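Accompanying notes for the structure given below.
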There are 4 protein chains.
Amino acid sequence: MGRKSNTEERRMQIVNALLRVMTKKGYEGATIQAIAAEAGLTPGLIHYHFKAKREILLALVEYVVSIGETRYRMLSVDAQTPQQQLRAFVDARLALGKGADPEAVKAWVLIGAEAVRVDDVRELYCEAIAMQMKELAQLLWNIAGDRLAAEDIRKLAAMVLATMEGAYQLAVTNPDSMPKNFAAEMVMETIVKACGGEFSTAKPAPPGRRRKGDAR
Amino acid sequence: MGRKSNTEERRMQIVNALLRVMTKKGYEGATIQAIAAEAGLTPGLIHYHFKAKREILLALVEYVVSIGETRYRMLSVDAQTPQQQLRAFVDARLALGKGADPEAVKAWVLIGAEAVRVDDVRELYCEAIAMQMKELAQLLWNIAGDRLAAEDIRKLAAMVLATMEGAYQLAVTNPDSMPKNFAAEMVMETIVKACGGEFSTAKPAPPGRRRKGDAR
Amino acid sequence: MGRKSNTEERRMQIVNALLRVMTKKGYEGATIQAIAAEAGLTPGLIHYHFKAKREILLALVEYVVSIGETRYRMLSVDAQTPQQQLRAFVDARLALGKGADPEAVKAWVLIGAEAVRVDDVRELYCEAIAMQMKELAQLLWNIAGDRLAAEDIRKLAAMVLATMEGAYQLAVTNPDSMPKNFAAEMVMETIVKACGGEFSTAKPAPPGRRRKGDAR
Amino acid sequence: MGRKSNTEERRMQIVNALLRVMTKKGYEGATIQAIAAEAGLTPGLIHYHFKAKREILLALVEYVVSIGETRYRMLSVDAQTPQQQLRAFVDARLALGKGADPEAVKAWVLIGAEAVRVDDVRELYCEAIAMQMKELAQLLWNIAGDRLAAEDIRKLAAMVLATMEGAYQLAVTNPDSMPKNFAAEMVMETIVKACGGEFSTAKPAPPGRRRKGDAR
DNA sequence: GATGAATGAGGTTTCATTCAT
DNA sequence: TATGAATGAAACCTCATTCAT
């Protein structure tokens, strides 16, 4: 009896539509009409699944955060040494290649701007940053915990995160005038030097091979 | 005949009002009426001095850019060595201290987001970034031109600019959870290491004393 | 085959929900969704039992009217003299005590306002008023038919009804600043004086005793 | 320099439009569009002069209250005895004749219904009722202060006010089936009887004649 | 230069009602 | 009977811009 709920699919559909519209028109410019059109739905239905426009944005923040986390998890599956994990962390956020999603990067920059003045958004944004800070500090600790003071690790992690956020900004506004893929490269180099410079930054063996017979 | 033109004052008044309102409500939320109220003017008068709202934003971009440039000029007045000039460059953009204007930083982050999708804004934004890129590369060349390839200098400069932009973003969204003043410190350290690590990053002697009767 | 119809329960459930929601949000503010929520049902089901929202209102009018009639019948069960019946009539509508339902009074006032401009509602409202007018005039006739002209009885009845309607209005808007229970008291007194002032207004013997073995 | 404000006229225009539209469609049905059309203005302009629709309603409440007060003041200009003043009070509110405004009466009934659940409206409504209560009690005191206890005067006043409010309700919903002008007549009679029945309820001499050269 | 009324397009949101399940 | 998604009209309100004064 009754009808099966499709709310989750619809919500994802709508969130994705917001992402695409936002990159073209910004959050304010992403009208409910435009989102609905992009999603192939009606405006009324948008409000059936989201109480207010702001809530779609919050869902989008979580979604974009999850994209980065997912990419990190995928890239670190085959990372065995701390160094390889660090490389996965940096690549997940900065390397272009497969899985990089320029639309999502644009959206993240716009979200960062909303976070400046919208409490709800800032909360989620800061949460995501804090999570990355923790992860990164842990990775750095694994690598250079014996050589660097905790405070220095925190500062290094903060700088790396700042560089990442700024690299997004420059990438989406100056797509042509920045050196290609400078960010991932320079960040790794910086970390290596800050940590004492002795470890290899080679990527882990490509995961393709291992996947054979690997349930995952 | 008649009144002396006060257009320039009025325009500055309005641009400043936009800056303050934007940090609270964003650009779209900064309505002409709100800007007028903040400036103590009337909506009609805003349009007498600016043909359209967008033009106020463009004027604001130029204004915020000029704040940074001015600060750099002031800090570099007493810089004699290339190293001191670099230090001034970094401090102008990242050090807190005197002249740092948190509202302007917020505005800059918001401007960066507008630059993602608004052509006029992006043009000015990129111009400003390109200018800094050029200045910074020149400084780095002066310091380490003999040791680093041009391409490496460009990458280093790009990374430093990215770190700056990202540091703004984190500073205005995570004012409390970032290590205090990590950005200026870490950026200098990174540059030093990248350049070979042999130069002093000491600030130039404070200008106060020397200025007296010192023509230089 | 199959399910036993629960239409009547459901309708009553819905009407009651409208009553409660209306007192908080008014008729227009009582959305189908709100009524459904209050009733613990779904919006779709509301329209299964009532073709349109307006029909719930009409059902509510009849229900609230019936509350008053029921209360009158209960209070007049033990009334033997015309005077006692009159007393029951007034108490049924104005006395606080047992069975008085402040929510229903609020709803009645709101219904009165709808009756001002909605034909269907006005029809039921006027019917109810006309019915009370007739009952009241009959009671007055029984009491003072020999002393008062028919026209005077009608006027007296009209005034009493007006006082009742107004008392509801004042009771629900000025719950604290009106003298306690002034309405029932003053109305009885007014009627007595208008009728010549010779009859007792004592309540009939309390029904409590009779209830034993009384099916009702 | 600048433009002369016409806000007060416009507001009155809008309030009057709400009054007229409300009597046809109720408050919720009185859409901004409809009000604007009735006033011959544009919807945008409505919101230029009133921040929100609700504020028009509040202004209307004050306006309708003032109609009653004005009518009372006009009718009592020539009232010399307390009895004549009382008569003016009752006639101002209940007599049909010149100056009676059926639209305003309808509006008042609708306002009463809003007062049931909207705090702002209730506040103004109760204020108006309290004011009348005070005035009426004073008049009754002047007439029968020596014969009635203060508490009885309050109850009598409350009943009179209730009768008035209810008479409005019945008048606008049962325009044909109520005895003509029963309310003013019966209320005066009731008061007279309650006060001991010795005073004349004659109207004061019509004001037209006396005004001539009569400084008073 | 300056004011403040006025406009009109367009935004978000609400909601009675319908309908597939 | 019952559910809950879906619709589309319409509501309130905002706001950049224009214009008479």
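In the text below, chain A, chain B and the rest are named by the order of the sequence lines, each starting its count at 1. The figures that follow rest on heavy atoms only: side chains count, while hydrogens, waters and symmetry mates do not. Everything quoted here is computed from the prediction, not taken from an experiment.
For Ile14(C) and dT1(F), the CD1 to C1' distance is 12 Å, given to the nearest whole Å. Whole-Å rounding puts the Glu9(A) CD to dG4(F) C1' distance at 14 Å. Ile46(C) has its CD1 atom 17 Å from the C1' atom of dC19(E), to the nearest Å. To the nearest angstrom, C1' of dG11(E) lies 13 Å from NZ of Lys25(A). To the nearest angstrom, C1' of dC12(F) lies 14 Å from CD of Glu55(D).
Residue Arg54(D) is the one, among Gly44(B) and Arg54(D), whose nearest nucleotide of DNA chain F lies closer to the 5' end (criterion: closest heavy atom). Looking at which nucleotide of DNA chain F each of Leu41(C) and Lys4(D) is closest to, the 5′-most match is held by Leu41(C). Between Ala52(C) and Lys51(A), it is Lys51(A) whose nearest contact on DNA chain E lies nearer the 5' terminus.
Note that CG of Asn16(C) and CD1 of Ile35(C) are 12.0 Å apart. Values are rounded to the nearest 0.5 Å. Here the straight-line distance linking atom CG of Leu57(A) with atom CG of Leu18(A) works out to 6.5 Å at 0.5 Å rounding. Once rounded to the nearest 0.5 Å, the distance linking CG of Leu41(A) with CD of Gln13(A) reads 4.5 Å.
Checked for salt-bridge contact, Lys24(C) and Glu38(C) meet the test: a charged N lies under 4.0 Å from a carboxylate O.
Listed nucleotides: dA2(F), dA6(E), dA6(F). Nearest to the side chain of Asn6(A): dA6(F). Distance from the side chain of Tyr48(D) is smallest to dA5(E) among dA5(E), dA5(F), dG1(E). Of the candidate nucleotides dA2(E), dA5(F), dA6(E), dA2(E) has the atom lying nearest to any side-chain atom of Arg10(B).
Here Thr42(A) reaches the OP1 or OP2 of dT7(F): one of its side-chain N or O atoms lies under 4.0 Å away. Contact annotation: Ser5(A) does not reach the phosphate of dT3(F) (side-chain N/O to OP1 or OP2, under 4.0 Å). Side-chain nitrogen and oxygen atoms of Thr31(D) include none within less than 4.0 Å of the OP1 or OP2 phosphate oxygen of dA10(F). Of the side-chain N and O atoms in Thr7(B), one or more sit less than 4.0 angstrom from OP1 or OP2 of dG1(E). The phosphate of dC19(F) (OP1 or OP2) has no side-chain N or O of His47(B) nearer than 4.0 angstrom.
The shortest heavy-atom contact between Thr23(B) and Arg117(A) is O-CB, 3.7 Å.
As judged by a 4.0 angstrom heavy-atom cut-off over every strand, Glu28(A) is placed among residues making no nucleic acid contact. Nucleic acid contact class of Ile32(D) (heavy atoms, under 4.0 Å, all strands): sugar-phosphate only.
Nucleotide dC13(F) forms a pair with dG10(E), judged by Watson-Crick or G-U wobble geometry with both contacts under 3.5 Å. Checking dT21(E) for Watson-Crick or G-U wobble geometry (two distances, each under 3.5 Å) identifies dA2(F) as its partner.
Nucleotides dT21(F) and dG1(E), compared at atom P, are 23 Å apart to the nearest Å.
No side-chain heavy atom of Val65(A) sits less than 4.5 Å from a side-chain heavy atom of Tyr125(A).
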